[in-house]
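Below, chain A is the first sequence line, B the second, and so on; all start at residue 1. Here the structure is a predicted model, which is why all the values come from computation and not from measurement.
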Number of protein chains: 2
Amino acid sequence: MPRTTRQRTAVADLLDGVPDFHSAQDLHRMLHDRGERVALATVYRTLQVLTDLGEVDSVRGPDGELRYRRCEAEAHHHHLVCRSCGTTVELDAAAVEAWAGGIARAHGFTDVEHTVELFGLCARCGSRSADAR
Amino acid sequence: MPRTTRQRTAVADLLDGVPDFHSAQDLHRMLHDRGERVALATVYRTLQVLTDLGEVDSVRGPDGELRYRRCEAEAHHHHLVCRSCGTTVELDAAAVEAWAGGIARAHGFTDVEHTVELFGLCARCGSRSADAR
DNA sequence: TAGTTCATGAGAACTATTCTCATTACGGAG
DNA sequence: CTCCGTAATGAGAATAGTTCTCATGAACTA
Ligand SMILES: [Mn+2]
Ligand SMILES: [Mn+2]
Ligand SMILES: [Zn+2]
Ligand SMILES: [Zn+2]
């Protein structure tokens, strides 16, 4: 159903080459810097399509804006993100899945979804800020 | 340092009487319906003050807007929220805390924060939607 | 290759939130 | 109790992310 266009290819290719989460506006800027002319609205639309297809993950940053990333894992997973440099680790959270399911059941809830995201300073950024002191 | 004003009292009292998460705009509307004249900007400012004081919790909904609630628990905790009626359960997530700490350490991350929120259908809403079928 | 339909671009529109700044009113000092 | 300094408020403008509108362009299909 989705049609293959120059713009969609450009967005998909960009995401393939970028390891961290980025906002739609960031990605639009990166495309522009690469000389790719894609309208901002098209970037938004494409990200939505890719998200619906499950090809990209989206996470809301603390400021509330959505950030997108092409993840390795196909299946459901969570993230550990460096809030300084953006380095991202994909997490398999079996322990948390079990906990969430049990808690929901215990309270009579059904059809449960969850959000679990970890933010911190990666080893490199952590040591750098320690140096700065 | 924070000054006690009619407006702040109104917002705080409202939160005391409302059990679920609500957006700033919702709360503003509720105040208006109660005959309390408080400017929207003041509702926002007051919620920020109360949040900073740790007297209210804020969580970002799926649509990205912040929702506020006065919680029972003083300490750090998470929530299980009915996405139909808003009923909220406060969760003590010791198991998840341990998991998050261990994962972060294992990846060399420091200064880690996390978001963990569960959304589903409460017992009542779940059975109602089953009936509808 | 021609026609149908989906996708795009440009900018307007929307929404949540924050900011500006003139005015009001806590709350401590006297 | 009254006066003052200063924090808080109100009204609307300003911001910022995201979505929508609609005329135009480009994929696919027969
Ligand atoms: Mn999970
Ligand atoms: Mn926790
Ligand atoms: Zn880092
Ligand atoms: Zn419910």
Hey, mind stepping through B:Asp20 and B:Arg67 against salt bridge (Lys or Arg N to Asp or Glu O under 4.0 Å) and telling me if it holds?
CA-CA 9 Å; B:Asp20 308 319; B:Arg67 318 222 164 205; over 6 Å; no
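- For the pair A:Leu40 and B:Gln25, nearest-nucleotide mapping onto DNA chain C gives the more 5' position to A:Leu40.
- Within 4.0 Å of A:Arg45, counting heavy atoms only, lies at least one base atom of the nucleic acid.
- The distance between atom CZ of B:Arg37 and atom P of C:dT24, rounded to the nearest whole Å, is 16 Å.
- The side chain of B:Arg3 approaches D:dA7 more closely than any other nucleotide in the set D:dA7, C:dT17, C:dG9.
- Atom P of nucleotide C:dA16 and atom CG of B:Leu47 are separated by 15 Å, given to the nearest angstrom.
- Between A:Asp63 atom CG and D:dT15 atom P there is a gap of 18 Å when expressed in whole angstrom units.
- Rounded to an integer number of Å, the gap from CG of A:Asp52 to P of D:dT19 is 11 Å.
- More than 12 heavy atoms of other shown residues, nucleotides or ligands fall within 6.0 angstrom of atom CZ in B:Arg6.
- Distances shown here put a side-chain N or O of A:Arg6 below 4.0 Å from the OP1 or OP2 atom of C:dG9.
- Using a 30° and 60° split on the angle between ring planes, B:His28 and B:His32 fall in the tilted class, from 30° to 60°.
- Phosphate proximity of C:dT17 to B:Arg67: absent, as no side-chain N or O sits under 4.0 Å from OP1 or OP2.
- At a threshold of 4.5 Å between non-hydrogen side-chain atoms, the residues A:Arg45 and A:Gln7 do not count as touching.
- Distance B:Leu31 CG to D:dG10 C1': 15 Å, rounded to the nearest Å.
- The distance between atom CZ of A:Arg8 and atom P of D:dC28, rounded to the nearest whole Å, is 10 Å.
- Summary for the helix from C:dT1-D:dA30 to C:dG30-D:dC1: the axes at its two ends, each from 5 pairs, differ by 30° when rounded to the nearest 10 degrees.
- Rounded to an integer number of Å, the gap from NE2 of A:His28 to C1' of D:dA16 is 15 Å.
- OP1 and OP2 of C:dC26 both lie 4.0 Å or more from every side-chain N or O belonging to B:Thr4.
- Phosphate contact (OP1/OP2 of D:dT19, side-chain N/O of A:Gln48, threshold under 4.0 Å): present.
- Side-chain contact between A:Trp99 and A:Val116: absent, with no pair of heavy atoms (C-beta onward) separated by less than 4.5 Å.
- For B:Thr5 and D:dA7, the shortest distance from a side-chain N or O to OP1 or OP2 is not below 4.0 Å.
- Side-chain N/O atoms of B:Tyr44 include none lying less than 4.0 angstrom from OP1 or OP2 on C:dT18.
- Side-chain N/O atoms of A:Arg60 and base N/O atoms of D:dG17 include no donor-acceptor pair closer than 3.5 Å.
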Determine, step by step, whether B:Val11 and B:Leu27 satisfy the side chain to side chain contact (heavy atoms under 4.5 Å, CB included) criterion, reporting the C-alpha distance in whole Å, the side-chain angles of both residues, the deciding distance to 0.1 Å, and the verdict.
CA-CA 8 Å; B:Val11 172; B:Leu27 295 167; 5.7 Å; no
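- As rounded to whole Å, 12 Å separates atom C1' of C:dA16 from atom CZ of B:Arg29.
- For the pair A:Gln7 and D:dA26, the criterion of a side-chain N or O lying under 4.0 Å from OP1 or OP2 is not met.
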When you look at A:Leu15 and A:Leu47, which way does the side chain to side chain contact (heavy atoms under 4.5 Å, CB included) test go after all the steps?
CA-CA 10 Å; A:Leu15 287 168; A:Leu47 289 170; 3.9 Å; yes
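- The side chain of A:Ala41 approaches D:dC20 more closely than any other nucleotide in the set D:dA8, D:dG10, D:dC20.
- Ring geometry for B:His78 versus B:His114: interplanar angle of 30 to 60°, hence tilted.
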